[in-house]
Protein chains: 2
Amino acid sequence: MRVTINDIAKKAKVSASTVSRVIADSPRISAATKEKVLKIMKEMNYHPNMIARSLVNRSTRIIGVVLPGLAEQSFQHPFFPELLAGIGSSANQKGYKILLANVDTVDEEQQMVKELTYGGITEGIILLTSRDQSPTVEQLVKIGFPFVVIGRTDNPCVNWVDNDNFLIGYQLAEHFIQQGHRRIAFLGYSPGYMVTRDRMHGYKKALEDHQLPFDQEMVVESQFISGQGYDLMKLLLARKPRPTAVIACDDLLAFGAIKAIQEAGLQVPDDIGVAGINNVPLADYYNPPLTSVKINAFSLGTKAFEMLCTVLNSNVQSYNRAIIPAELVVRSSSRREKG
Amino acid sequence: MRVTINDIAKKAKVSASTVSRVIADSPRISAATKEKVLKIMKEMNYHPNMIARSLVNRSTRIIGVVLPGLAEQSFQHPFFPELLAGIGSSANQKGYKILLANVDTVDEEQQMVKELTYGGITEGIILLTSRDQSPTVEQLVKIGFPFVVIGRTDNPCVNWVDNDNFLIGYQLAEHFIQQGHRRIAFLGYSPGYMVTRDRMHGYKKALEDHQLPFDQEMVVESQFISGQGYDLMKLLLARKPRPTAVIACDDLLAFGAIKAIQEAGLQVPDDIGVAGINNVPLADYYNPPLTSVKINAFSLGTKAFEMLCTVLNSNVQSYNRAIIPAELVVRSSSRREKG
DNA sequence: ACCCTTAATGCAAACGTTTGAGCCTATATA
DNA sequence: TATATAGGCTCAAACGTTTGCATTAAGGGT
């Protein structure tokens, strides 16, 4: 039997309300009483029951974090812990706890969000998604539940935080163009996913701006895992003429691509330059070190949480966006003059 | 104003108890009433309030997962998402939700655990730790809160699930010995962390069993990040005679080590064989592909959750252990006859 | 016509808090 | 002396459920 506020009240010969106000440090309680009650609380090792408190306060100080792709191998990516660390770090600071819901399918996601929103456990939701159309997002918008998206969707009525993926694609392409490359491939386009599409569009725009032809053959689709990078790079190597540079939508893809290139007896970056995105810790220690783009997943997380807080604390409806700056990190894998 | 059980009751002209029993699908309610109430519930889009339910049931169906090292770079490791996926997957199945608490320091960990245990939000805790001595574990044991450790500690009064790290170390060493190596280094020993110590002891035992000398110079300490693998490998290369094989306590360390070896103008595996542990997705696509040990983080997670469930559902106190089998995956980085 | 059983439902307390309103008591003001 | 004014506290309702017990009605056996 756990010790409750009434036990304390009885022992201290005051009412439960008084104890409650002592906990809340209300000025309406005399110093003497406060001291007495606090002492007894300590003695009896009392800790308030959060559930009961939440019930009356209608506030749990818990937010839900919904991550998709639980089952896919792409979930095994350093991006996720970094993001979670970011969210958790700022959540801790503000005394919020996070309820992690990693879901497998879109149906599961919807079901989970339904539980989180209607169940009253979570006050808000951070949703990681980059699908064009997300029924989950529609649902959240419809019922007016506070949430923030990490990534981007078509729906304009959402708060989101993201990198400028168009710019990332543009900069990477421009980087290669400046190195004299004319035939640049784009690896890892995944239709239906805004991230990859935005990056691809940025890449395309850079080509246009520099009067380079866009060749559909130079764009290959895939998911974010190194195995595919390897296989798809083989395809690209078979194209005639083959590319002299490859932008991979993720470092893991890039690692796979490099392996395929090296196995074909070619050199990176001398024969083919390679760049990835995400700047995973290993990029620096790969052979050759991989040019990549630091997307600051940690900041994405902290910013998303802060934004959610803003939403929670303001009753006026408004749609905020935040762009987390990304940073091109040039390493040997894309340097022509040998790094 | 959210719709409550009373709203439903009123509309259906029954009592709240009846509605409650309909929700619970109690046999004491007639089919006709059930149907009527269910229909109204749907019409009014009613969803039971979990907080209120938890209060009376004394059961939240939420478990806490406490992960350390939030701030450290080593948290950016595929191990964590995989583990979380495992926990989440089996938690989902049993209708549990997980509260993720990633903490920075030992103090923070203790504080967090205190909140989780006393607050009444979580019914049990999964704690990731491999410290010899964990004040958090002592605390949990003392107050008798249901928890499971992933990893291992000195305290015998805990339920834990882990790999057989001694065996892992032993097998890796033996693998190299069978390849004819006589001077094998161990990279990544971290005193105070059971994982690395167990692995190191396994390695040591294998040397003994094959009448090979154990040389303290061949053991270097570090954390699990590739940067250190690189730096420490350089140290090892300076030793005379230098090792002909290196066991790294983690794949990321191994990757760093390989880079250092290659930069020194040496070949892997011809001059120096290398093996890691954890079998990260990239191991297969590294150059050369990295010999590693699959530790099945996903299974660690599922098993830990199942064990916690057992603890929660049985009132007799008993201490369970589970060993998740690990699997040596031999790749080119450790094959002498060129893979 | 009576009692007993069974099925279906309602009543009210309980879970552990918070909080607005009200009630004392003592002191200051008229 | 009566009256306002705080200060310090208590009362009781409320938050939204669940659940043991009571109640009602109907049917079956004598």
Side-chain angles (χ1 to χ4, degrees), chain A residues 1-38 40-41 44-62 95 115-123, chain B residues 1-41 44-62 95 97 115-123:
Chain A
M1 207 58 88
R2 287 203 26 206
V3 30
T4 76
I5 202 172
N6 292 300
D7 300 331
I8 303 297
K10 220 168 281 171
K11 188 111 175 187
K13 296 191 200 309
V14 295
S15 75
S17 344
T18 301
V19 178
S20 175
R21 285 192 241 267
V22 169
I23 296 169
D25 197 23
S26 157
R28 293 169 54 187
I29 304 295
S30 73
T33 313
K34 258 181 201 170
E35 196 181 353
K36 179 177 64 179
V37 171
L38 284 172
I40 294 185
M41 277 173 37
M44 302 185 67
N45 195 27
Y46 167 74
H47 293 262
N49 182 313
M50 290 306 170
I51 301 295
R53 177 177 281 190
S54 297
L55 185 58
V56 31
N57 281 340
R58 291 174 155 71
S59 153
T60 57
R61 291 194 90 79
I62 296 179
E115 289 175 27
L116 292 185
T117 50
Y118 289 121
I121 307 178
T122 50
E123 297 182 22
Chain B
M1 207 57 90
R2 286 201 31 204
V3 30
T4 76
I5 204 173
N6 291 301
D7 300 331
I8 303 297
K10 221 168 280 173
K11 188 109 174 190
K13 297 190 198 309
V14 296
S15 73
S17 347
T18 300
V19 178
S20 175
R21 286 191 244 266
V22 169
I23 296 169
D25 197 23
S26 155
R28 291 170 53 190
I29 303 296
S30 74
T33 313
K34 255 181 203 172
E35 197 182 353
K36 179 177 64 180
V37 171
L38 284 172
K39 185 163 157 257
I40 294 184
M41 277 174 40
M44 302 186 65
N45 195 29
Y46 167 73
H47 293 262
N49 182 312
M50 290 306 170
I51 301 294
R53 178 177 282 189
S54 297
L55 184 58
V56 33
N57 282 339
R58 292 177 155 73
S59 153
T60 57
R61 291 193 90 80
I62 296 179
K97 309 237 171 300
E115 289 177 25
L116 292 185
T117 50
Y118 289 121
I121 306 178
T122 49
E123 298 181 20

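Lettering of chains follows the sequences in order, A, B, ..., and the numbering in each one begins at 1.
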Could you tell me the separation between the [atom1] atom of [X] and the [atom2] atom of [N], rounded to a whole number of Å?
{"X": "B:Ile121", "N": "C:dG16", "atom1": "CD1", "atom2": "P", "value": "15 Å"}
{"X": "A:Arg2", "N": "C:dC15", "atom1": "CZ", "atom2": "C1'", "value": "12 Å"}
{"X": "A:Leu55", "N": "C:dG16", "atom1": "CG", "atom2": "P", "value": "12 Å"}
{"X": "B:Ile51", "N": "C:dT17", "atom1": "CD1", "atom2": "C1'", "value": "13 Å"}
{"X": "B:Arg53", "N": "D:dC15", "atom1": "CZ", "atom2": "P", "value": "19 Å"}
{"X": "A:Asn49", "N": "C:dG16", "atom1": "CG", "atom2": "P", "value": "7 Å"}
{"X": "A:Asn57", "N": "C:dT17", "atom1": "CG", "atom2": "C1'", "value": "8 Å"}
{"X": "B:Ile5", "N": "D:dG16", "atom1": "CD1", "atom2": "P", "value": "11 Å"}

With rounding to the nearest 0.5 Å, note down the distance linking [atom1] in [X] to [atom2] in [Y].
{"X": "A:Lys36", "Y": "A:Ile8", "atom1": "NZ", "atom2": "CD1", "answer": "12.5 Å"}
{"X": "B:Thr33", "Y": "B:Glu35", "atom1": "OG1", "atom2": "CD", "answer": "10.0 Å"}
{"X": "B:Ile5", "Y": "B:Met41", "atom1": "CD1", "atom2": "CE", "answer": "8.5 Å"}
{"X": "B:Ile121", "Y": "B:Thr60", "atom1": "CD1", "atom2": "OG1", "answer": "8.0 Å"}
{"X": "B:Arg61", "Y": "B:Met50", "atom1": "CZ", "atom2": "CE", "answer": "10.0 Å"}
{"X": "A:Arg58", "Y": "B:Asn49", "atom1": "CZ", "atom2": "CG", "answer": "8.5 Å"}

Distance-only side-chain donor-acceptor flag, B:Ser20 / B:Ser17, under 3.5 Å:
no

Quickly, which of A:Leu116, A:Ile62, A:Thr122 forms a side chain to side chain contact (heavy atoms under 4.5 Å, CB included) with B:Lys97? Name it, please.
A:Leu116

Angle by which the axis turns from one end of the helix from C:dA1-D:dT30 to C:dA30-D:dT1 to the other, five pairs per end, to 10 degrees
70°

Does the salt bridge (charged side-chain N to carboxylate O under 4.0 Å, His left out) test come out yes or no for A:Asp25 and A:Lys34, once each step is laid out?
CA-CA 8 Å; A:Asp25 197 23; A:Lys34 258 181 201 170; 3.0 Å; yes

Please state whether the phosphate of D:dC15, meaning OP1 or OP2, lies under 4.0 angstrom from any side-chain nitrogen or oxygen of A:Arg58.
no

Give a yes/no answer on whether the side chain of B:Tyr46 brings an N or O atom under 4.0 Å of OP1 or OP2 in D:dT17.
yes

Looking at residues 7-23 of chain A, who's got a heavy atom less than 4.0 Å off DNA chain C?
A:Ser17, A:Ser20, A:Arg21

Within residues 25-41 of chain B, find the residues that approach DNA chain C with a heavy atom at under 4.0 Å, and present them sorted by residue number.
B:Arg28, B:Ile29, B:Ser30, B:Thr33

Report yes or no: does A:Asn57 contribute a side-chain atom to a donor-acceptor pair with the main-chain N or O of A:Ser59 at less than 3.5 Å?
no

